[in-house]
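Report on one structure; see the data block that follows.
In listed order, ligands and their atoms are each counted from 1.
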Amino acid sequence: MSESDGSSLSPAEKKIFEAIENNDSVVLKALLTEKPQNVNILDENKMTPLQHAAYKGNKEIVQTLLDQGANVNTCEHQHNYTALHFAALSGNIDVCLLLLVAGAKSTVTNTVGRTPSQMAAFVGHHNCVATINNFVSKDEIEFYTCVNDTQTKTILPPFLVESVHKFVMQVNVHPVRIVMNINHFTSLQDYLPQLKNLLELMSEREMKRGLENNEVMSFKFYYLSYIIGEVIQIRQKQSNRKDEEDKPDITAIFAKKLLSPGKDENMEFMDDFLKYCIKEFPYKETTLFRQMVATLSSEEPPSALFVISTVINGQRGFLDNIPRCYTCGEEQPAKKCSKCKAVQYCDRDCQRLHWPWHKKSCARLEQKNTVASKNKKPGSDGIDIKELRQYLEDN
Ligand SMILES: [Zn+2]
Ligand SMILES: [Zn+2]
């Protein structure tokens with residue numbers, strides 16, 4: 001590998017950076033085919049071609065460089081930026097993903113102590129925060145399918161790797177959605193105790209990496225294991241019951257419990273449940289844990305779901321009041337309750353899960369909506385023109 005100091009870039013080397021600057025992947029490919037060793041050169045700022053391409057957010061060029069063997073974790077830049085730091089600044093989630101799949105480390109900090117996802121949060125690219133923070137390499141799961149130095153028996157049957165991998169990468173952290181996802185991966189349903197155990201081990205592993213500890217990941221794995229624990233308990237209770245129903249709908253029971261009114265009448269029971277979950281996080285010395293507790297004990301605390309979602313996904317979406325499904329928190333739900341039109345859902349499934357509670361308020365909400373639309377004058381968009389004129393005259 002030739003690692004030029006940049007001051008003496010040859011014309012051929014300069015052309016590589018020019019091709020990236022011009023988004024010209026054809027020229028770049030030709031140049032690298034001719035001199036493959038040039039893929040990891042450094043320019044005058046000690047930046048690699050891959051770092052330039054990541055900063056430009058050009059997926060095709062990043063892919064070309066990775067195909068040619070670009071080193072994804074080079075960190076010679078004077079402020080310790082890696083390609084993933086630059087990708088986070090570009091705001092392009094596809095480029096972030098390409099780098100992560102290629103093995104980019106997400107825990108490296110730059111000279112001001114920020115990781116790539118923290119840089120993304122700093123410049124407001126919240127989708128990049130979510131992409132980086134939820135990324136799990138498949139190797140991490142495969143690790144548990146075999147016997148090695150740290151484990152004397154296999155923790156996970158190999159055929160579950162795919163579904164577990166998808167399950168742990170989910171971005172929506174609403175507990176009802178998580179339980180719905182367990183049903184989505186049918187193969188997981190028969191292995192819930194093993195899955196819970198696996199997630200606990202994964203959470204612990206993230207806290208035993210020394211400088212590369214990942215508190216966010218550790219919390220997320222713990223969080224998923226906690227919810228699975230709740231499902232296991234519901235199952236056990238149901239199997240102890242000796243009544244007619246042979247296959248109880250665990251998701252419905254879980255959703256009904258979580259969406260019921262909580263201690264604080266403005267909140268669902270889910271809020272108490274999640275606060276308790278945070279409280280039980282075993283790594284109380286972490287910055288992340290202290291941050292969450294501080295936020296929840298502030299004067300006007302947000303919901304526990306908001307706190308959890310923010311630490312895992314950044315402030316994604318919450319700032320702009322995106323409509324969410326009343327059952328599972330999914331963004332931009334497609335359906336509304338046809339009667340009251342006041343609550344929204346992803347689909348019939350979500351509506352069904354919310355119905356035990358919504359049926360109590362649907363009629364009232366419908367009435368409220370009808371009154372509101374009766375008072376509305378055509379074209380006035382809800383504002384009473386007469387009242388407005390009066391107000392302007394009086395003031
Ligand atoms: Zn939903
Ligand atoms: Zn309704």
Side-chain angles (χ1 to χ4, degrees), residues 126-127 130-131 134 163 166-186 188-189 192 220 223-224 226-228 230-231 234 248-262 265-274 277 302-310 312-376 382:
H126 299 297
N127 284 335
T131 302
N134 288 292
S163 7
K166 288 203 184 100
F167 179 72
V168 296
M169 296 241 292
Q170 60 192 311
V171 170
N172 183 346
V173 292
H174 194 293
V176 175
R177 177 48 66 180
I178 291 169
V179 173
M180 291 169 95
N181 282 345
I182 298 176
N183 286 345
H184 181 74
F185 302 111
T186 36
L188 293 180
Q189 288 177 44
L192 292 188
K220 186 175 177 190
Y223 175 68
L224 294 175
Y226 188 88
I227 289 166
I228 290 173
E230 182 70 17
V231 174
I234 294 177
D249 184 345
I250 304 291
T251 311
I253 298 170
F254 180 80
K256 190 176 174 195
K257 183 175 172 188
L258 259 73
L259 301 175
S260 66
E265 57 189 56
N266 295 318
M267 295 270 203
E268 288 152 338
F269 169 74
M270 176 168 74
D271 199 57
D272 304 316
F273 172 79
L274 295 181
C277 165
S303 71
L305 181 63
F306 177 91
V307 172
I308 291 170
S309 186
T310 304
I312 296 174
N313 294 324
Q315 298 210 329
R316 189 164 159 276
F318 281 109
L319 299 173
D320 21 327
N321 268 331
I322 293 175
R324 280 164 193 282
C325 170
Y326 269 65
T327 303
C328 78
E330 200 71 15
E331 289 174 9
Q332 308 286 9
K335 302 259 188 296
K336 270 183 187 166
C337 170
S338 57
K339 240 183 124 198
C340 67
K341 299 192 170 55
V343 292
Q344 291 152 302
Y345 302 106
C346 302
D347 47 31
R348 281 204 150 278
D349 266 350
C350 283
Q351 181 170 20
R352 178 182 63 88
L353 292 173
H354 195 223
W355 184 243
W357 299 110
H358 179 59
K359 69 179 172 197
K360 296 187 165 73
S361 56
C362 185
R364 184 171 43 81
L365 288 166
E366 184 191 16
Q367 209 180 17
K368 214 169 138 191
N369 237 348
T370 325
V371 173
S373 55
K374 264 190 198 147
N375 287 343
K376 201 162 151 182

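- Atom-to-atom distance recorded for Thr251:OG1 and Leu353:CG is 7.0 Å, nearest 0.5 angstrom.
- The structure places CZ of Arg352 at 5.0 Å from CG of Asp249, a figure rounded to the nearest 0.5 Å.
- Side-chain rings of Tyr326 and His358 stay apart, their centers remaining 6.0 Å or farther from each other.
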Checking Tyr226 against Phe273 for the side chain to side chain contact (heavy atoms under 4.5 Å, CB included) test, could you report, in this order, the C-alpha distance in whole Å, the side-chain angles of both residues, the deciding distance, and whether it holds?
CA-CA 10 Å; Tyr226 188 88; Phe273 172 79; 3.7 Å; yes
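- When SG of Cys362 and SG of Cys340 are joined through the Zn ion (ligand 2), the resulting angle is 120° to the nearest 10°.
- Between the SG atom of Cys325 and the SG atom of Cys328, the angle taken at the Zn ion (ligand 1) works out to 110° after rounding to 10°.
- Our summary of the site lists the angle at the Zn ion (ligand 2) between NE2 of His358 and SG of Cys337 as 110°, to the nearest 10 degrees.
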